[in-house]
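First the structure, in the form of structure tokens, and then the observations on it.
Both ligands and their constituent atoms are indexed starting at 1 by order of listing. Numbering of residues begins at 1 and proceeds along the displayed sequence.
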Amino acid sequence: MNAYIEDIARHEGQHVVIHGWLHNRRSSGKIHFLSVRDGTGFIQAIVSKATVGDEKFKQADHLSQETAIIVHGNVRADSRAPGGFELDVQDFEIVSGSTDYPITPKEHGVDFLLDRRHLWIRSERQHAILRVRHEVITAVRDFFNDRGFILADTPIFTPAACEGTTTLFPVDYFEDQKVFLTQSGQLYAEANAMALGRVYNFGPVFRAEKSKTRRHLTEFWMVEPEMAYATLDDVMNLAEGLVVAVVSRVLEKRRRELKVLERDTSRLEAVQPPFPRISYDEAVKILQDKGQPFEWGGDLGGTDETILSQHFDRPVAIHRYPAVVKPFYMEPDPLRPELALCVDVLAPEGIGEIIGGSQRLASYDVLLQRLKDHNLPQEAFEWYLDLRRFGSVPHAGFGMGIERVVGWICGLEHVREATPFPRMMYRVTP
Ligand code: 4AD
Ligand code: MG
């Protein structure tokens with residue numbers, strides 16, 4: 001019977017056929033131990049001369065790494081085995097060979113590995129990370145779908161900036177029109193929310209970010225919910241619910257992967273509501289008390305975020321930043337108009353901001369003024385101004401970066417491992 005390694009527990013005592021590749025191999029002379037992977041997991045397959053015969057036994061001793069093989073064997077429980085089961089091999093077939101596989105069990109430098117990312121993703125760690133990523137994305141979709149949000153996609157080619165003009169990617173194709181790759185679907189999500197109430201969009205976004213940090217990619221995936229008739233408080237509640245749902249889903253479904261990653265899951269178990277919510281003013285105070293030279297009025301930098309996130313055992317929501325450090329579309333705080341009704345959620349353990357959101361400007365006049373203040377071309381935003389001309393209401397939403405969340409949950413040093421093929425300032429291959 002054909003079986004997948006991830007389901008192997010269901011096949012205890014049965015004869016199964018696994019379609020996979022040879023991950024690794026060692027030998028004790030009398031027995032060969034094959035580590036076989038099939039995309040769903042890894043299992044140790046035991047080859048003994050008595051069972052497979054002389055010729056097969058000799059062949060097994062020459063199998064090279066990443067040879068494609070089909071293995072027939074009996075499933076046996078073994079408490080010492082990583083997945084709890086081993087395979088006693090009855091027979092195997094070689095589907096195709098693999099010569100001089102470049103990624104060997106020894107240590108390799110990260111550039112060497114990134115150059116071979118198309119192969120690196122076969123390794124046990126990368127395999128585990130990509131499966132966690134899948135779970136995160138599934139949890140996100142379920143979260144919004146279960147709450148009645150409508151998935152409404154937003155375009156990738158856009159004629160206007162959303163998150164500031166310094167990180168725009170120009171596209172040289174369309175005649176007589178300046179076009180960029182989208183930085184965020186938000187502006188369109190606002191239009192979708194006025195049509196559908198509660199919506200989300202989920203897709204790749206692009207930032208021509210001149211940052212070479214462990215948190216920055218030039219192409220990453222963002223999920224963006226947007227709600228009509230909603231405020232900053234609604235956004236903070238929704239963001240908290242989403243993060244809790246995602247983390248608990250991964251804890252529930254991806255224990256094995258977190259174990260491969262040697263993740264301290266107690267840090268993830270601590271991600272329970274309510275998250276601390278502090279104002280920017282309070283954040284500044286914490287930083288200053290900790291001796292960080294930070295002046296009220298500036299944006300929080302990477303180090304500031306790290307210090308703040310280490311101050312709490314779970315994600316922290318920081319709200320009401322000075323409007324000047326934030327994009328043009330945020331609603332001012334009616335009590336202190338120099339502040340924006342916005343929130344950033346910082347993950348613990350140093351990953352920094354995973355969510356950025358706000359209540360949006362509802363007033364036509366203020367929005368028009370902001371576009372001018374930010375030197376944004378009004379023509380490109382006429383359609384967006386229409387949303388304030390025709391039945392404008394308070395509305396709010398946020399964006400969550402998937403790679404940052406995966407990086408945090410997996411405990412990665414760098415977000416580049418949180419996506420199959422990372423795109424960064426100095427890397428667009430393979
Ligand atoms: O804070 P950002 O820039 O917010 C927006 O784009 C809003 N328009 C979203 C909205 O309100 N609909 O980005 C949102 C999130 C960040 O919190 C972070 O998780 C991620 O996107 N992010 C990045 N991830 C990887 N590499 C980068 N260069 C990122 N820039 C932002
Ligand atoms: Mg942000």
Any N/O pair [X]/ligand 1 closer than 3.5 Å:
| X | value |
| --- | --- |
| I354 | yes |
| S184 | yes |
| E209 | yes |
| L217 | yes |
| C162 | no |
| F220 | no |
| H216 | no |

Quiz item: Hey, which of R131, K253, R256 is the one that makes salt bridge (Lys or Arg N to Asp or Glu O under 4.0 Å) with E6?
Solution: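 Between E6 and the candidates, salt bridge (Lys or Arg N to Asp or Glu O under 4.0 Å) is satisfied uniquely by R131.
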Quiz prompt | ligand 1 contacted by I355 (non-hydrogen, < 4.0 Å) | solution =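 Yes, that is the case, since the closest heavy atom of the residue is under 4.0 Å from the ligand.
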Quiz item: Does E226 come within less than 4.0 Å of ligand 1, judged by its heavy atoms?
Solution: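 Contact check E226 vs ligand 1: negative.
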Quiz item: Taking Y280 for the side chain and G297 for the main chain, is one N or O donor matched with an acceptor at less than 3.5 Å?
Solution: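 Yes, Y280 side chain to G297 backbone: donor-acceptor pair under 3.5 Å.
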Quick one: look up the protein heavy atom nearest [atom] and list residue, atom name and how far away it is.
| atom | value |
| --- | --- |
| atom 14 (C) of ligand 1 | M222 SD, 3.3 Å |
| atom 18 (C) of ligand 1 | R404 NH1, 3.5 Å |
| atom 16 (C) of ligand 1 | E353 OE2, 3.2 Å |
| atom 12 (N) of ligand 1 | E224 OE2, 2.7 Å |

Practice problem: Mark yes when over 12 heavy atoms from residues, nucleotides or ligands other than R336 sit less than 6.0 Å from its CZ; otherwise mark no. | Solution: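 Atom CZ in R336 is packed in, count exceeds 12.
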Self-check item: F174, CZ: over 12 other non-hydrogen atoms inside 6.0 angstrom
Solution: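 Check passes, neighbour count above 12.
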Practice problem: Please determine, by modelled atom types, if D281 and S279 share a side-chain donor-acceptor pair under 3.5 angstrom. | Solution: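 Absent: no donor and acceptor within the cut-off.
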Self-check item: Distance-only donor-acceptor check, side chains Q186 and E226, under 3.5 Å
Solution: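 No - no donor-acceptor pair under 3.5 Å links their side chains.
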Exercise. Check whether any N, O or S atom of D344, backbone or side chain, sits closer than 2.8 Å to the Mg ion (ligand 2).
Key: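 Within the cut-off used here (under 2.8 Å), D344 places no N, O or S atom near the Mg ion (ligand 2).
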Between [X] and [Y], does any side-chain N to carboxylate O distance fall below 4.0 Å?
| X | Y | value |
| --- | --- | --- |
| R389 | E382 | yes |
| E417 | R117 | no |
| E269 | R255 | yes |
| D264 | R267 | no |

Quiz item: Among M425, R360, E163, which one has a heavy atom closest to atom 11 (O) of ligand 1?
Solution: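 That would be R360.
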Quiz item: Which one of R207, M400, R215 has a non-hydrogen atom at the shortest distance from atom 13 (O) of ligand 1?
Solution: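 It is R207 that holds the nearest heavy atom.
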Quiz prompt | Heavy-atom pair of closest approach, residues F169 and T218 | solution =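 Scanning both residues completely, I find the closest heavy atoms to be CE1-O, 4.0 Å.
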Exercise. Quick one: report the N, O or S atom of E353 that is nearest to the Mg ion (ligand 2).
Key: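 This residue's closest N, O or S atom turns out to be OE2.
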